[in-house]
Amino acid sequence: MQTLKICDVGLQPDTSHAFHSMLKIVAGRSKAAWQVAGIEHADVLFASSEGDGSTFAAWGATGKPVVLVIDDRSSWPPAPFVLRHPFRVMQLLSVLDDVADLLAASPGRERGDPSRWSAAESLRALMPQSGNAAWHVTRTPLGEEVWLGHGLVRAAARTIARLRAGELELAAFHPTGTSPPADAPAIAACDFAWYVGLSGPARLAPWLFADVAYRLRRWPDFGRLGVNTGMLELCAMSTVRAWTPAALVEASGQPAADVHRFLAAASLAGLLVANGSEQAPALLARGRVQSGWDRFLGGLRRHLGLAA
């Protein structure tokens with residue numbers, strides 16, 4: 001059994017007390033042995049979604065998982081591990097086991113150059129709370145500023161155009177006490193996240209795992225984002241069923257770099273779920289696909305010139 005260290009931050013006292021009490025109850029029942037540790041030594045962060053933005057940004061840069069705790073007034077955030085307070089022991093156990101499975105899937109995986117992922121990692125940590133009033137900012141090597149807050153991203157029109165074209169290299173976001181210029185154009189934070197994923201390195205993102213199957217919870221809004229035929233096919237395939245990255249590369253016949261960037265973009269935009277972390281439609285769960293989907297996909301492939 002693997003031993004994992006977990007740190008709780010930003011929780012209300014009653015929530016923190018319940019969490020520590022439940023950890024003792026799940027001992028011996030979980031897939032991992034859980035130890036409470038300081039944040040500098042932890043493998044997993046257990047945090048309130050209303051927590052400090054700088055903590056989320058710093059943690060996001062590590063690529064380690066976070067379990068978000070939301071209250072009964074919060075909408076469900078685009079994050080893989082979420083608990084709504086008050087939660088029960090079995091709910092905590094289920095989430096902890098999902099986290100343990102994820103960490104066990106590729107324990108020694110190469111992460112590549114972490115600096116290439118710093119913007120995406122901090123963005124991934126901040127997306128669940130991007131709708132609040134706190135602004136975070138990052139800068140390009142050319143000194144262009146990009147602001148994240150209120151569910152929006154603001155930047156100069158030229159900067160946004162470069163982002164859409166995949167030409168923008170960003171550093172990690174950090175909190176700021178100032179606000180962007182009032183006349184700075186804005187795009188939705190989820191659209192920005194999609195572009196960041198598509199412009200990332202060609203390899204699998206550090207927070208995704210080669211042995212885990214992923215699927216789309218819904219299609220992106222290509223009316224705003226723009227699309228090509230390859231992206232349409234990846235979305236169609238990933239909506240019907242879950243695929244491991246390698247299986248999606250093989251089935252689609254598309255370059256691995258394109259598939260990896262698609263998965264990163266969908267994940268950052270909150271559109272991607274790991275197989276089993278969200279209830280699949282009954283017919284798909286039993287391995288059968290409705291004939292309507294067969295007709296839709298067949299027509300789509302023929303329309304795009306992808307049919308054999």
Tell me whether the count of non-hydrogen atoms from other residues, nucleotides or ligands lying under 6.0 Å of [atom1] in [X] goes above 12.
X: Q12; atom1: CD; answer: no
X: Q91; atom1: CD; answer: yes
X: H174; atom1: NE2; answer: yes

Can you find a side-chain donor-acceptor pair between [X] and [Y] that sits under 3.5 Å?
X: W207; Y: S267; answer: yes
X: E233; Y: S252; answer: no
X: W135; Y: T178; answer: no

Could you tell me whether the side chain of [X] and the main chain of [Y] form a donor-acceptor pair under 3.5 Å?
X: R84; Y: D71; answer: yes
X: S122; Y: F173; answer: yes
X: Y214; Y: A266; answer: no
X: W243; Y: M237; answer: yes
X: K5; Y: V44; answer: no
X: D97; Y: S30; answer: no
X: R124; Y: L268; answer: no
X: Q254; Y: G230; answer: yes
X: S199; Y: Y195; answer: yes

**Report entry** side-chain contact (heavy atoms from CB on, under 4.5 Å) evaluation trace for I187 with I160
**Finding:** CA-CA 8 Å; I187 62 173; I160 292 178; 4.1 Å; yes
Report task. Give the C-alpha distance, both sets of side-chain angles, the deciding distance and a yes or no for side-chain contact (heavy atoms from CB on, under 4.5 Å) between F46 and V36. Result -> CA-CA 10 Å; F46 195 88; V36 177; over 6 Å; no
So, for [X] and [Y], which heavy atoms are closest and what is the spacing to 0.1 Å?
X: A100; Y: A32; value: CB-CB, 4.0 Å
X: R261; Y: A202; value: NH2-N, 3.6 Å
X: A210; Y: T244; value: O-CB, 3.7 Å
X: P185; Y: A157; value: CG-N, 3.8 Å
X: S49; Y: I70; value: OG-CG2, 3.5 Å
X: V212; Y: A274; value: CG1-CB, 3.9 Å

Heavy-atom side-chain contact between [X] and [Y] under 4.5 Å:
X: L103; Y: L4; result: yes
X: D14; Y: F19; result: no
X: F192; Y: V146; result: yes
X: L126; Y: H136; result: yes
X: W147; Y: T176; result: yes
X: R215; Y: T239; result: no
X: D8; Y: H20; result: yes
X: L272; Y: R217; result: no

Requested in this report: Could you check M231 against L225 for side-chain contact (heavy atoms from CB on, under 4.5 Å), going step by step and ending with a plain yes or no?
Outcome: CA-CA 11 Å; M231 193 66 64; L225 298 172; over 6 Å; no
Value rounded to 0.5 Å, distance of [atom1] in [X] from [atom2] in [Y]:
X: F87; Y: S94; atom1: CZ; atom2: OG; result: 13.0 Å
X: L123; Y: L170; atom1: CG; atom2: CG; result: 9.0 Å
X: L93; Y: I25; atom1: CG; atom2: CD1; result: 10.5 Å
X: L234; Y: D258; atom1: CG; atom2: CG; result: 8.0 Å
X: D101; Y: Q2; atom1: CG; atom2: CD; result: 8.5 Å
X: T138; Y: L148; atom1: OG1; atom2: CG; result: 10.0 Å

Query raised in the report: Under 4.0 Å between a Lys/Arg side-chain N and an Asp/Glu carboxylate O for E144 and R158?
Result: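 Result for this pair is yes, salt bridge flagged.
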Query raised in the report: Under a 4.0 Å N-O cut-off, is there an ion pair linking R224 with D191?
Result: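 Salt bridge present between R224 and D191.
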Report task. Test side-chain contact (heavy atoms from CB on, under 4.5 Å) on F81 and V66 and set out the steps. Result -> CA-CA 7 Å; F81 307 113; V66 57; over 6 Å; no
